[in-house]
Amino acid sequence: MQSAPSTRAGSRLCVRCGERKAALKRPKTLEQICRECFYVVFEDEIHRTIVDNCLFKPGERVAIGASGGKDSTVLAYVLSELNNRHKYGLDLFLLSIDEGITGYRDDSLETVKRNEIQYGLPLKIVSYKDLYDWTMDDIVKAIGLKNNCTFCGVFRRQALDRGAALLKVDKIVTGHNADDIAETVLLNILRGDIARLSRCTFITTGEDGPIPRCKPFKYTYEKEIVMYAYFKKLDYFSTECIYSPNAYRGFAREFIKDLERMRPRAILDIITSGENFRISTTTKMPEQGTCERCGYISSQKLCKACVLLDGLNRGLPKLGIGRTTKGGAGADGNGERPGKQKERNRSSLQGKHGNFDF
Amino acid sequence: MAGDSSSCGGGGGGCGANCSSASAADDAPEKQLGRISIATGAGASCGKCGGGAVVAVAGGVGLCGECLRAHLFGKFKLAVTSNAMVRPTDFVLLAFSGGPASRVALQFIHEMRSKAIESWDASNSQALPVFGMGAAFVDESILSSKPRHEVELAIEDIKSIVSSLLPADKAMHIAPLEDVFSTESVDGEGRLRELVGMVDDDTGREDFLRCLRMLALQKIALENGYTKIMLGSCASAIACHVLSATVKGQGYSLPADVQYVDTRWEVPVVIPLRDCLAQELTLLCELDRLKTLQLLDKPCSSINSLVASFVARLREENPSREHTIVRTAQKLKPFSFNKFSANGYHDFLPSRLRPKFQNVDSDESTFSEVLCIICRSPFSESELQKLESAKHEAQKKTDLYTAYCCQSCHFQILPGGVNLYDHFFSLLPKVWTERVDTASARHSSLRDQIDDYLLEDDDDGN
């Protein structure tokens with residue numbers, strides 16, 4: 001098969017430079033390479049992704065969605081490196097959302113604050129408390145541990161946009177990696193969500209909206225991000241959210257990890273599939289409007305955040321959860337769990353059995 | 001076909017009916033029944049007829065055995081009739097593996113035929129003929145470790161199952177897989193072994209065998225005058241295929257494999273059980289005491305089996321998940337070859353249905369997809385681009401053959417070293433490589449005609 005000899009790379013030379021001792025097996029290709037070469041290929045691939053997809057224009061202000069976790073920390077580090085090295089001419093900012101989760105977000109924000117100093121990137125923090133007058137702690141107190149991720153996901157998406165608007169940036173970049181995108185492709189297949197399936201592999205989304213978002217790590221493997229952070233000794237926060245430990249990744253994530261073990265390129269293959277799906281252009285996309293109350297983009301009269309907030313404030317937290325209102329919730333698959341789809345009776349074909357007389 | 005007709009070719013993802021039944025069939029029928037009849041307490045009565053005890057839940061309604069049967073047969077018949085799968089003049093070859101899905105397909109198509117014969121007998125004019133049918137089993141035992149006598153016993157069983165329904169002797173075709181080489185090689189067995197042995201990747205080998213199996217079926221059909229091949233691919237098998245194709249990067253060609261009709265092949269392939277779950281079919285076999293058998297002993301280290309176990313877990317979490325997956329894939333745009341479009345094809349349809357097909361046909365472009373020589377997947381935009389540039393750079397035939405392999409076959413089926421390609425392609429069934437030969441011959445014969453007048457070797461002028 002495609003795997004390189006599995007003997008521990010004790011004295012092997014790096015297959016790329018042929019000079020230094022190989023220090024690692026690259027998760028994406030299983031090539032045995034040295035640390036220096038790993039940095040080079042890792043950063044080069046991201047640079048290529050940025051250039052090939054024209055993610056940025058010179059002079060743009062770009063906010064990096066920074067949670068303090070590994071993906072966004074590596075993204076902030078690599079992006080500021082590449083910005084200097086290849087003269088992108090970008091003004092970079094760190095943008096963090098404070099959901100108000102004691103014992104989790106407060107700690108991870110400390111990490112982001114250190115990153116601010118380490119990488120010399122200005123940091124802006126917007127909090128749920130300021131925007132919605134509710135912290136996640138309050139929300140969980142009110143509604144319990146079920147469905148709280150729906151609130152968090154919807155609020156975070158909007159908070160990022162609001163923070164970005166405050167920073168007057170032209171773009172937001174997020175640390176979504178190849179594994180995340182592959183997983184979203186699968187989840188959308190499992191849910192039958194063809195509209196999201198068609199756009200979940202876009203590297204840039206929301207180009208028609210006020211602030212586009214892009215994912216420079218679209219083709220970057222999670223394992224390589226961890227490896228990069230590990231070797232570079234980057235300062236990141238690696239605790240899981242206390243309100244959803246392991247919760248929202250579930251089966252699909254595990255499946256992708258198993259696949260990767262069996263065939264590393266499967267992750268890229270899933271993304272390729274997602275990009276190539278023949279989805280007819282007539283597939284209904286939700287029509288974009290604005291929320292009557294807050295002015296945020298919405299396909300309904302009120303945006304999802306306002307609906308949820310309404311429920312919270314009126315003491316009816318179930319309002320807006322469930323199947324009645326579709327769309328608007330969660331960034332392409334994040335946070336939401338595959339909802340139970342009602343089996344629809346699909347015998348729309350005329351007659352019970354088309355009687356076919358031979 | 002060593003247990004796996006339900007998933008050949010256009011159809012399944014290498015599992016489905018067989019995998020699920022393999023895990024549940026023999027040892028734990030009660031467990032199987034228990035799982036399928038969740039949500040309705042024991043003793044609840046059928047939600048349709050109000051009579052018998054509920055054995056399964058379909059579409060949110062608990063059904064008794066009789067209603068389940070009617071439900072499945074209804075789906076089958078609707079698929080057959082509303083897609084004009086079988087015309088009165090057709091001769092249908094059912095790919096029969098012995099597994100529950102193809103067993104039910106055999107039963108159902110036989111029933112449809114019996115009814116058609118009855119009404120033919122009763123009709124005054126007897127104007128329309130009744131379609132004919134046969135069954136085929138592809139024997140892959142040469143590649144399995146099963147002892148010969150077990151295989152022979154199984155084949156006897158298969159023969160007896162089929163002959164109980166189709167009395168005519170010539171209606172059962174048992175062909176060893178190596179027969180795909182029968183016209184071009186004396187030692188088909190050796191050639192098959194060598195060829196399959198050259199595929200290093202476990203998943204690739206499984207998929208490659210499926211391609212060969214389809215070739216074997218096509219061969220049987222062509223040699224015996226069949227006009228349709230019917231597979232037992234069920235919703236569960238197709239759900240697996242949807243995910244495994246996605247995982248292998250075949251997102252572009254996927255919709256070709258999930259349609260009722262597939263005319264990519266010389267003999268068109270139809271999959272009328274597309275909307276039935278493997279569990280339901282297995283249950284029906286148990287209830288109706290339809291004999292099934294399992295000839296499968298495949299390695300479980302492939303992506304296909306990983307996907308199958310993933311789907312099994314999803315099913316436990318939500319029994320209708322497989323339907324949802326299949327429905328997602330159905331929303332993708334099918335190809336022009338996913339319907340019958342020949343002139344006059346739909347003439348035998350009831351007038352009620354005819355307009356549906358005729359409207360579609362009128363604005364349809366002709367079949368023009370470039371297909372992979374091994375798996376017959378249509379090429380995506382980027383694959384076409386690669387093919388075009390490779391065509392120009394091709395030094396020898398092998399380069400051209402390689403260029404005509406889709407990226408997935410390229411990765412998982414072609415042998416490890418490029419130096420092995422020559423040999424690999426020389427072992428492939430000639431029908432596959434000949435397609436490329438004729439395409440390129442057409443091009444070069446044009447070139448030959450004007451060769452004397454060309455000043456440069458390079459056609460592109462660059």
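So that the names make sense, note that chain A is the first sequence line, chain B the second, and so on, each numbered from 1. Every heavy atom of this structure was used, including side-chain atoms; hydrogens, water molecules and symmetry mates were not.
Only the side chain of A:L197 comes within less than 4.5 Å of a heavy atom in chain B; its backbone stays farther off. Only the side chain of A:L186 comes within contact range of chain B, with heavy atoms under 4.5 Å apart. Contacts between B:S380 and chain A at a heavy-atom distance below 4.5 Å involve the side chain alone, from C-beta outward. Heavy atoms of B:L243 lying under 4.5 Å from chain A belong exclusively to its side chain. Neither the backbone nor the side chain of B:E322 comes within less than 4.5 Å of any heavy atom of chain A. Residue contact with chain A, scored on non-hydrogen atoms closer than 4.5 Å, is absent for B:A239. Proximity to chain A involves both the backbone and the side chain of B:V307, based on heavy atoms less than 4.5 angstrom apart.
Between B:F310 and A:F251, the ring planes are perpendicular. Angles over 60° get that label, and only those under 30° would be called parallel. A tilted orientation is assigned to the rings of A:F38 and A:F42, their planes being inclined by 30° to 60°.
Among the candidates A:I267, A:I270, A:I256, A:T272, the residue making the largest number of heavy-atom pairs closer than 4.5 Å to chain B is A:I270. In terms of heavy-atom pairs under 4.5 angstrom with chain B, the leader among A:D269, A:N276, A:V185 is A:D269. Between chain A and the residues B:Q412, B:K115, B:R113, the largest count of heavy-atom pairs under 4.5 Å involves B:Q412.
Side-chain contact between A:L259 and B:L306 is present, with at least one heavy-atom pair separated by less than 4.5 Å.
Across all non-hydrogen atoms, the minimal contact from B:V199 to B:G204 is CG1-C, 3.7 Å.
Here A:D44 pairs with nothing under the side chain to side chain donor-acceptor pair (under 3.5 Å) rule; sequence neighbours left out.
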Which side-chain N or O atoms in residues 249-256 of chain B pair as donor and acceptor under 3.5 Å with protein atoms at least two apart or in another chain?
residue : atom : partner : partner atom : Å
B:Q250  : NE2  : B:S408  : OG           : 3.0
B:Y252  : OH   : A:R278  : NH1          : 3.2
B:S253  : OG   : B:Q250  : O            : 3.3

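No donor-acceptor pair closer than 3.5 Å links the side chain of B:S302 to the backbone N or O of B:T203.
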